[in-house]
Amino acid sequence: MSCASAVGKIILFGEHAVVYGRPAIAVPVSDVRATVTVESAERGAGITVVARDIGRTIRMGEAAADEPLTFTVRNTLTCLACDERALDLNVTITSTIPVAGGLGSGAAVAVALIRALCAHLGRPLDAAQVSALAYRTEMLFHGTPSGIDNTVIAYEQPVYFKKGYPIETFAVRTPFWLVVGDTGRPGLTKESVADVRAAWQRNPTHYNALFDTIGHLADRARQAIEAGEIALLGPLMSENQACLRELDVSSPELERLIAAALAAGAAGAKLSGGGRGGNMIALVTPERAARVQAALYEAGAKQVIVTGVGV
Ligand code: MEV
């Protein structure tokens, strides 16, 4: 039996603008994970994929061509030059990453699946190859993904991402803490990305300027993180949220949690990921974390985790 896992991710700065070539910053979150086991099955059984958390059992060959799990298995086997008809495997997926929460659950499942298949077949791929394979699955989910989710999850390091440029990882000089609050409402990344695109097409000048502002915020945030100037990050997060609001990807639930976090003493807060639901993040000192966490639950968050970046 082979087993592999993949972490979740948080976009700290730059979601949506990153689709249009502006820089964004994302970090891995190891508090949540997708895990995949691959076992040999009876001869002639073929390949069966079981996604425990969503109660699905899918047999290769019977699934639609765009079913994301079997699509990922097929792409991986093709990349490894393995004939899927010659394999008998039971593939089991579990995950603690909230689905459609902006924490990269789709990309993490794809990365864990690719890694577990590679381990089982004794054919390891490097992070760049795993990321490229997972990107294909992201295209099924999101239509026009930037590639940031699969990149940060496959590399498991803080990433400064600019579409079309080599991956840049960077160091976190002084650790900092985030409270991550789940609205409990699924984020609609595909829809929000498509809506932003339609709005950009209607008014490119306005939206390009907004994307530029977001890109500059990501650049300033990277400098602050590398210099250990954590106090600068809170205001930058709140400025980024103002831009996301203007892009119309926030939601009343996200705004309620963001306001609650700020009122409880967070230094800054914003949505993270596609928006319209999913998760928000708030920058806190370790002393304030419990208070902000409690305030988020009181404001209706379904789940709240506290995670350290660079810890
Ligand atoms: C989704 O986690 C982040 C978005 O910027 C989309 C993308 O980068 O593909 C909203």
Side-chain angles (χ1 to χ4, degrees), residues 6-29 32 34 68 95 97-111 131-156 158-165 167-168 178 180-183 185-200 207-208 210-219 221-222 237 240-241 243-251 254 270-281 307:
V7 296
K9 71 94 198 0
I10 287 175
I11 297 188
L12 294 180
F13 291 91
E15 48 275 272
H16 286 287
V18 68
V19 175
Y20 300 85
R22 276 40 166 213
I25 294 178
V27 292
V29 192
V32 288
S95 176
I97 309 175
V99 175
L103 299 186
S105 93
V109 166
V111 167
S131 179
L133 273 173
Y135 180 71
R136 297 202 206 166
T137 308
E138 285 289 279
M139 285 171 79
L140 270 189
F141 280 121
H142 301 322
T144 56
S146 63
I148 191 169
D149 288 15
N150 47 284
T151 302
V152 67
I153 290 167
Y155 284 80
E156 279 189 34
V159 164
Y160 174 87
F161 183 90
K162 213 170 155 181
K163 201 170 162 182
Y165 285 79
I167 311 304
E168 286 183 48
L178 296 172
V180 185
D182 189 348
T183 58
R185 209 188 148 116
L188 305 170
T189 301
K190 193 170 185 171
E191 286 78 357
S192 65
V193 169
D195 288 353
V196 171
R197 183 168 294 280
W200 170 69
Y207 283 87
N208 283 333
L210 255 179
F211 297 150
D212 283 342
T213 304
I214 295 174
H216 289 137
L217 291 170
D219 277 331
R222 178 186 176 168
M237 280 169 72
N240 194 158
Q241 175 60 19
C243 297
L244 290 163
R245 225 173 262 142
E246 208 168 328
L247 287 179
D248 194 24
V249 294
S250 194
S251 71
L254 284 163
K270 63 183 278 294
L271 67 83
S272 180
R276 301 261 170 90
N279 280 272
M280 49 70 69
I281 55 175
T307 187

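The first residue of the sequence shown is numbered 1, and numbering continues consecutively from there. Just so you know, ligand 1 is whichever comes first in the structure, and atom 1 is the first atom listed for that ligand. Note that the coordinates shown come from a computational prediction; the quantities given were computed from them, not determined experimentally. Computed over heavy atoms, backbone and side chain alike; hydrogens, waters and symmetry mates excluded.
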Q241: what forms a side-chain hydrogen bond (donor to acceptor under 3.5 Å, both in side chains) with it, not counting sequence neighbours?
-> S250, E255
Main-chain N/O of P145 paired with Y135 side-chain donor or acceptor, under 3.5 Å = yes
Between H16 (side chain) and G274 (backbone), is there a donor-acceptor pair under 3.5 Å?
-> yes
Test salt bridge (Lys or Arg N to Asp or Glu O under 4.0 Å) applied to E15 and R276, K270, K9, the passing residue = K270
How would you list, by chain and number, the residues with a heavy atom under 4.0 angstrom from ligand 1?
-> K9, I11, E15, H16, V18, V19, P145, S146, I148, D149, V193, G273, G274
Donor-acceptor under 3.5 Å (T183 side chain, G278 main chain) | yes
Which atom of L103 lies closest to which atom of N279, heavy atoms considered = CG-ND2, 3.7 Å
